[in-house]
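Everything below concerns the one structure shown next.
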Amino acid sequence: MTEYIINVENDTHFPILLDGTYITDGQFNSLPSEISPNGPASIRLSTNPGKPGGGINAGNAWVFNLPAKQVWNVATGYGLITGNPVKRQVGVVESNDPQDGAEAAGTGDKITSSSVFTDNEGNKFELAAEATLSPTIIKFTVVPQDGE
């Protein structure tokens, strides 16, 4: 059994809520239902012990609940291809479908929200997500809009 740990950094002041799960290979060992504002979390997966040579193919959908009933949907994906060497994958995509996250797992990727949001003080901002492999981190950040 091979374990795969993805560290998540929520560098925003918004909670991120789990909105769906998709998995075809492997298993979730721990998965937060919410990632607190400005907080870290970990997602732990592993290969199935009863399936030698099996990998991991999984995704999650997340939703940011923002001021004034605004939302941002993002999906994250994780893959692990067994072999020598083991190949780890991670990715992000703007979507409310966890399967889209799983399909993005090999891309790494950095995305910015397609919408511009407004906070309670009227400041405009976007949200961004970045997935990196070395180290394996998914990071969510606020992108202020210049001149607003």
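Note that the structure is predicted; figures quoted are calculated from it, not measured. The figures here come from the full heavy-atom set of this structure, side chains too, leaving out hydrogens, waters and symmetry mates. Residue numbers count from 1 along this sequence.
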Note, [X] side chain near [Y] side chain (heavy atom, < 4.5 Å):
{"X": "Lys139", "Y": "Asp11", "value": "yes"}
{"X": "Thr76", "Y": "Tyr78", "value": "yes"}
{"X": "Phe28", "Y": "Ile43", "value": "yes"}
{"X": "Val74", "Y": "Val93", "value": "no"}
{"X": "Tyr22", "Y": "Asn57", "value": "yes"}
{"X": "Leu45", "Y": "Glu3", "value": "no"}
{"X": "Trp62", "Y": "Asn96", "value": "no"}
{"X": "Ile6", "Y": "Ile138", "value": "yes"}

Say whether [X] and [Y] are linked into one hydrophobic cluster, either directly or through other cluster members, by side-chain heavy-atom distances under 4.5 angstrom.
{"X": "Val63", "Y": "Leu127", "result": "no"}
{"X": "Phe64", "Y": "Val143", "result": "no"}
{"X": "Ile111", "Y": "Val8", "result": "yes"}
{"X": "Ile35", "Y": "Ile5", "result": "no"}
{"X": "Val116", "Y": "Phe14", "result": "no"}

Minimum-distance pair of heavy atoms, taken over all atoms of [X] and [Y]:
{"X": "Ser46", "Y": "Met1", "result": "OG-SD, 3.6 Å"}
{"X": "Ala75", "Y": "Pro98", "result": "CB-CA, 4.5 Å"}
{"X": "Pro15", "Y": "Pro37", "result": "N-CG, 3.6 Å"}
{"X": "Gln70", "Y": "Thr118", "result": "NE2-O, 2.8 Å"}
{"X": "Ala104", "Y": "Val92", "result": "CB-O, 4.1 Å"}
{"X": "Val142", "Y": "Pro144", "result": "O-CD, 3.5 Å"}

From [atom1] ([X]) to [atom2] ([Y]), nearest 0.5 Å:
{"X": "Arg44", "Y": "Asn29", "atom1": "CZ", "atom2": "CG", "value": "8.5 Å"}
{"X": "Ser42", "Y": "Asn7", "atom1": "OG", "atom2": "CG", "value": "4.5 Å"}
{"X": "Glu94", "Y": "Ser115", "atom1": "CD", "atom2": "OG", "value": "6.5 Å"}
{"X": "Ile16", "Y": "Trp72", "atom1": "CD1", "atom2": "CH2", "value": "8.5 Å"}

> Can you list the steps and then say if Asn60 with Leu18 is a side chain to side chain contact (heavy atoms under 4.5 Å, CB included)?
Replying inline: CA-CA 7 Å; Asn60 296 119; Leu18 180 65; 3.8 Å; yes
> With ILVMFWY side chains joined below 4.5 Å, transitively, what does Ile137's cluster contain besides itself?
Replying inline: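 Listed partners: none, Ile137 stands alone.
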> Is the Phe125 ring parallel, tilted or perpendicular to the Phe117 ring (thresholds 30°, 60°)?
Replying inline: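 Phe125 and Phe117: tilted rings.
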> Run the side chain to side chain contact (heavy atoms under 4.5 Å, CB included) check on Asp109 and Glu130 step by step: do they pass?
Replying inline: CA-CA 6 Å; Asp109 228 351; Glu130 182 174 13; over 6 Å; no
> Would Leu66 and Val71 satisfy side chain to side chain contact (heavy atoms under 4.5 Å, CB included), going step by step from the backbone distance to the final call?
Replying inline: CA-CA 5 Å; Leu66 306 170; Val71 297; 5.9 Å; no
> Listed by chain and number, what are the side chain to side chain contact (heavy atoms under 4.5 Å, CB included) partners of Asn38, not counting sequence neighbours?
Replying inline: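 Per chain and number, Asn38 pairs via side chain to side chain contact (heavy atoms under 4.5 Å, CB included) with His13.
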> Does the Thr132 side chain pair with the main chain of Pro135, one donor and one acceptor, at a distance under 3.5 Å?
Replying inline: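 Side chain of Thr132 to backbone of Pro135: a pair is present.
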>> Under the side-chain contact (heavy atoms from CB on, under 4.5 Å) test against Val86, which residue among Ile81, Leu80, Thr47 passes?
In response: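 The side-chain contact (heavy atoms from CB on, under 4.5 Å) with Val86 is passed solely by Leu80 among Ile81, Leu80, Thr47.
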> With sequence neighbours excluded, what pairs up with Thr12 under the side chain to side chain donor-acceptor pair (under 3.5 Å) test?
Replying inline: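 Side chain to side chain donor-acceptor pair (under 3.5 Å) list for Thr12, sorted by chain: Asn10.
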